[in-house]
There are 2 protein chains.
Amino acid sequence: MNDSRKSFKREAPDQRQDALIDATLSLIATGGPEAATVRNIALKAGVTQGLIRHYFSTKEDLIGAAYERHMTTMRYATYSTLERELPGAVARLGALVTASLSPPVTDPRAMALWAGFIQSVQRDTAMRAIHEKTYFQFRDQLQVLINEAFIEVGQPKDKMDLRKFAIACNAVLDGLWLEGSALPDTFETGELPAIGLASIGAILGIKLEV
Amino acid sequence: MNDSRKSFKREAPDQRQDALIDATLSLIATGGPEAATVRNIALKAGVTQGLIRHYFSTKEDLIGAAYERHMTTMRYATYSTLERELPGAVARLGALVTASLSPPVTDPRAMALWAGFIQSVQRDTAMRAIHEKTYFQFRDQLQVLINEAFIEVGQPKDKMDLRKFAIACNAVLDGLWLEGSALPDTFETGELPAIGLASIGAILGIKLEV
DNA sequence: TATGAAATTATACAAGTGTATAATAAGAAG
DNA sequence: CTTCTTATTATACACTTGTATAATTTCATA
């Protein structure tokens, strides 16, 4: 009858969900959370708006899923290179610092995304849970690396000290990442990784620079 | 005629403007940027919505003014105590670190505000300008303090080194401030200032703890 | 007390918001 | 080829948004 109705192709549920999350992230990165309207998301994902509700019972669900995916992606971008990094724990730690403070991790779009999400951590319990989860995942992974580095240089530390070191190093990374992402043009190439290596090296008392 | 019309009192323009900014900040802190609608702002400020446009030609203007005020307030809260802090440059630096990582600077509401604003730094040139301004103000002030501390301990540094130290120390403060504000319950009282003092002390090679 | 500038209210408007629901079409299963 | 599930489209709805503009009221000044 109505041949003006849009023809479509069924996709595997996972792929559609992914496409919707992709579209959401892309929109928030570019135009902030307010740009991620259901209509924009649907448009970008190449579907009509009604479909969103078929996969996510509410828009907040979709936003939450997008946040979790973004943080996981960032963590993966930071840690994935380390697995092939064999030389030793200290070298791996140095590589982590460099990776955390270089593109694509240090990136204005990623920061805009992160900021758009973090702002809702206070009042939205679901978002807070996701934040806590990803934050501790990252910090714990960092703590493992720090522990191994201390062992490697023959100065093992106890759990309490390790915790403090992990918090401090994580703060350095967060802070530098933030500065570099928010005002990328005010730092020379390689400046942030260099400062990160020197600072974390000083905090731990382990020389990280090559 | 129409006696249902709201009676009002003229206020000094500056005070009204302040009241509108206050209302804006309060709303963003509590409910995020999306809660800061012109109607909510007017309601909270005890005026009707049309008045906003009389003081700010657009809502973005108001948001920008609110951002600048918030950052200035935070900077003031961080630095104001230092003026009476006489003992010396190292002590002043230590006091700054402690102040930066304790209430009221470290505060979930302040963080929500900051995040709500920072997210628009990328795409809004006006907001970016405000961000750059306040960021450099803070970092430069920090650099002055670091310089004085180095001189006090008899190890003066050149400008380039000072810049790197300021960036690093600022990152530590930002990072710890962020962690403490986002997840206040996961740190013991005084833990963050202690970690901050130890870390910045290690980075500079100056003992800051008492 | 009368005048006038501008601070303030009131109202209207077009556009956009998230959500709900009914209609349709695709594609697998039989 | 037919049936049936459900992925997808289409449409409607009630509400909120920022802005524009006209109507009023306040208060300083003369």
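By convention in this document, chain letters (A, B, ...) are assigned in the order of the sequence lines, proteins followed by strands, and residues within each chain are numbered from 1. Worth knowing before you read on, the calculation uses all heavy atoms, side chains too, and leaves out hydrogens, waters and symmetry mates.
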Backbone N/O of A:D107 and side chain of A:S181: donor-acceptor pair under 3.5 Å | yes
Enumerate the residues from residues 8-17 of chain A whose closest heavy atom to DNA chain D is under 4.0 Å, giving them by residue number; use none for an empty result.
-> A:F8, A:K9, A:R10, A:E11, A:R16
Going by heavy atoms closer than 4.0 Å, what residues in residues 45-70 of chain A are next to DNA chain D?
-> A:V47, A:T48, A:G50, A:L51, A:H54, A:Y55
Verify the contact: side-chain N or O of A:T37 to OP1 or OP2 of C:dT17, cut-off strictly under 4.0 Å; return yes or no.
-> yes
By side chain to side chain donor-acceptor pair (under 3.5 Å), which residues pair with A:K133, not counting sequence neighbours?
-> A:E68
Is there a side-chain contact between B:I195 and A:F165, using heavy atoms and a 4.5 Å cut-off?
-> no
Could you give me the CA-CA distance, side-chain angles and deciding distance for B:F117 and B:M71, then say whether side chain to side chain contact (heavy atoms under 4.5 Å, CB included) is met?
-> CA-CA 10 Å; B:F117 289 128; B:M71 295 309 282; over 6 Å; no
Per nearest nucleotide of DNA chain D, the residue lying toward the 5' end, B:R39 or A:S7, is A:S7
Separation of [N] [atom2] from [X] [atom1] (nearest whole Å):
| X | N | atom1 | atom2 | value |
| --- | --- | --- | --- | --- |
| B:E34 | C:dT17 | CD | P | 14 Å |
| A:R5 | D:dA10 | CZ | C1' | 5 Å |
| A:L27 | C:dT17 | CG | C1' | 15 Å |

Short N-O contact, A:E60 and A:R123, less than 4.0 angstrom | no
When you look at A:K44 and A:D22, which way does the salt bridge (Lys or Arg N to Asp or Glu O under 4.0 Å) test go after all the steps?
-> CA-CA 9 Å; A:K44 186 138 223 157; A:D22 282 343; over 6 Å; no
Apply side chain to side chain contact (heavy atoms under 4.5 Å, CB included) to the pair B:R69 and B:D18, showing each step before the final yes or no.
-> CA-CA 10 Å; B:R69 240 266 296 277; B:D18 275 1; 3.5 Å; yes
Flag yes if more than 12 heavy atoms outside A:E188 fall under 6.0 Å of its CD atom; otherwise flag no.
-> no
